[in-house]
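Below: one structure, written as structure tokens.
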Number of protein chains: 2
Amino acid sequence: MKRYTLAEAEDKLIGLKGTTERDQYEFELKLELIGDMIQMARKERQLTQEQLGKLIGVKKAQISRLENNTSNVTIETILKVFNALDAKVNFNVKMLNKQVSLA
Amino acid sequence: MKRYTLAEAEDKLIGLKGTTERDQYEFELKLELIGDMIQMARKERQLTQEQLGKLIGVKKAQISRLENNTSNVTIETILKVFNALDAKVNFNVKMLNKQVSLA
DNA sequence: CATTAAGTTTACATATATGTATACAATACA
DNA sequence: TGTATTGTATACATATATGTAAACTTAATG
């Protein structure tokens with residue numbers, strides 16, 4: 001029985017990089033992470049969605065949407081959430097050769 | 001003549017952390033970085049705004065707005081741009097104690 | 001099981017991010 | 001200097017992110 005690395009499995013199951021399906025998948029994968037990060041940070045602080053909502057002034061339904069990537073998210077929202085959770089978000093960009101990184 | 005570290009100078013000039021003014025400043029600082037990162041990556045690739053626009057299917061005016069933080073930005077837009085520039089964006093979140101990091 | 005708390009889903013309103021087209025400003029460069 | 005290139009600003013249309021309220025689904029817990 002042949003075994004695969006995750007990368008191999010992804011190639012096999014989702015299609016090779018560069019194809020539309022795969023790009024779509026990678027895209028959504030990254031989008032999902034935002035929601036996961038929000039949820040992770042919230043749980044780290046032992047808060048319910050309702051409590052977090054109160055911290056930034058929105059209803060719990062809104063937090064649920066953010067965590068489940070029901071809609072796209074703006075930078076402003078991301079920062080608002082992580083600020084409330086006393087966390088620091090960093091974005092960094094890796095180019096093909098050089099690496100550019102900003103706080 | 002007294003000298004300051006950047007951190008000291010920020011505290012002095014903008015107000016201490018936790019105050020509204022300072023939070024606002026930090027917030028905008030981070031937002032600005034997105035535009036800067038986009039511009040930096042574009043120039044790294046030696047492209048004009050118009051060329052980048054063509055890559056992702058928008059007019060150059062739109063790229064200008066993104067680079068100058070004229071409006072808030074969605075994750076989707078960020079990824080679209082950096083994908084086109086063959087760059088990888090990572091978001092990572094540092095909590096007070098533990099550090100959570102995701103690709 | 002019944003009851004509460006926590007999270008999700010839906011329908012809807014409003015603000016705003018994205019997109020275009022055009023005019024304008026700044027820069028390079030002949 | 002004039003001309004082309006590049007980037008910015010403005011006015012406007014459309015899609016959608018954010019926000020609320022209420023119903024619904026799951027866990028938890030007595």
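Letters A, B, ... are given to chains in the order of the sequence lines, protein chains preceding strands, and every chain is numbered from 1. Note: hydrogens, waters and symmetry copies are ignored here, and every other heavy atom, side chains too, is used.
Looking at the side chain of B/T48, the nearest of the listed nucleotides D/dT6, C/dG7, C/dA21 is D/dT6. Comparing atom distances between the B/K59 side chain and each of C/dA6, C/dT20, C/dA17 picks out C/dT20 as nearest. Relative to the side chain of A/Q62, the nucleotides C/dA17, D/dT20, C/dT20 differ in distance, and D/dT20 lies closest. The side chain of B/L66 has C/dT18 as its nearest neighbour among C/dT18, D/dA9, C/dA6. Looking at the side chain of B/T74, the nearest of the listed nucleotides C/dA17, D/dT8, C/dT9 is C/dA17. Here D/dG19 is the nucleotide among C/dT8, D/dG19, D/dG7 with the atom lying nearest to any side-chain atom of A/K80.
Rounded to a whole Å, the NZ atom of B/K54 is 16 Å from the P atom of C/dG19. Counting to the nearest Å, the P atom of C/dA6 and the CZ atom of A/R45 are 19 Å from each other. Per the geometry, CD belonging to A/E50 stands 20 Å off P belonging to D/dT26, to the nearest Å. Straight-line distance from the CG atom of A/L52 to the P atom of C/dA6: 14 Å, rounded to whole Å. Atom-to-atom, CG of B/L79 to C1' of C/dA17 comes out at 15 Å; the value is rounded to the nearest Å. Distance A/E67 CD to C/dT9 P: 12 Å, rounded to the nearest Å. Nucleotide D/dG7 holds its C1' atom 5 Å from the CD atom of B/Q49, rounded to whole Å. Between B/N68 atom CG and C/dA26 atom C1' there is a gap of 13 Å when expressed in whole angstrom units.
Between B/K59 and B/E50 no salt bridge is recorded (no basic side-chain N to carboxylate O distance below 4.0 Å).
Side chain A/R65 to base C/dG7: no donor-acceptor pair is found below 3.5 Å.
A residue-by-residue look at B/T70 and B/G57 shows that B/T70 has its nearest nucleotide of DNA chain C further toward the 5' end. Nearest-nucleotide mapping onto DNA chain D: of B/I63 and A/K60, the residue sitting toward the 5' end is B/I63.
Closest heavy-atom contact between A/V93 and B/M37: CG2-SD, 3.6 Å.
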Take B/R45 and B/D86 through the test side-chain contact (heavy atoms from CB on, under 4.5 Å) and record every step on the way to the result. CA-CA 9 Å; B/R45 297 304 185 204; B/D86 198 18; 4.0 Å; yes
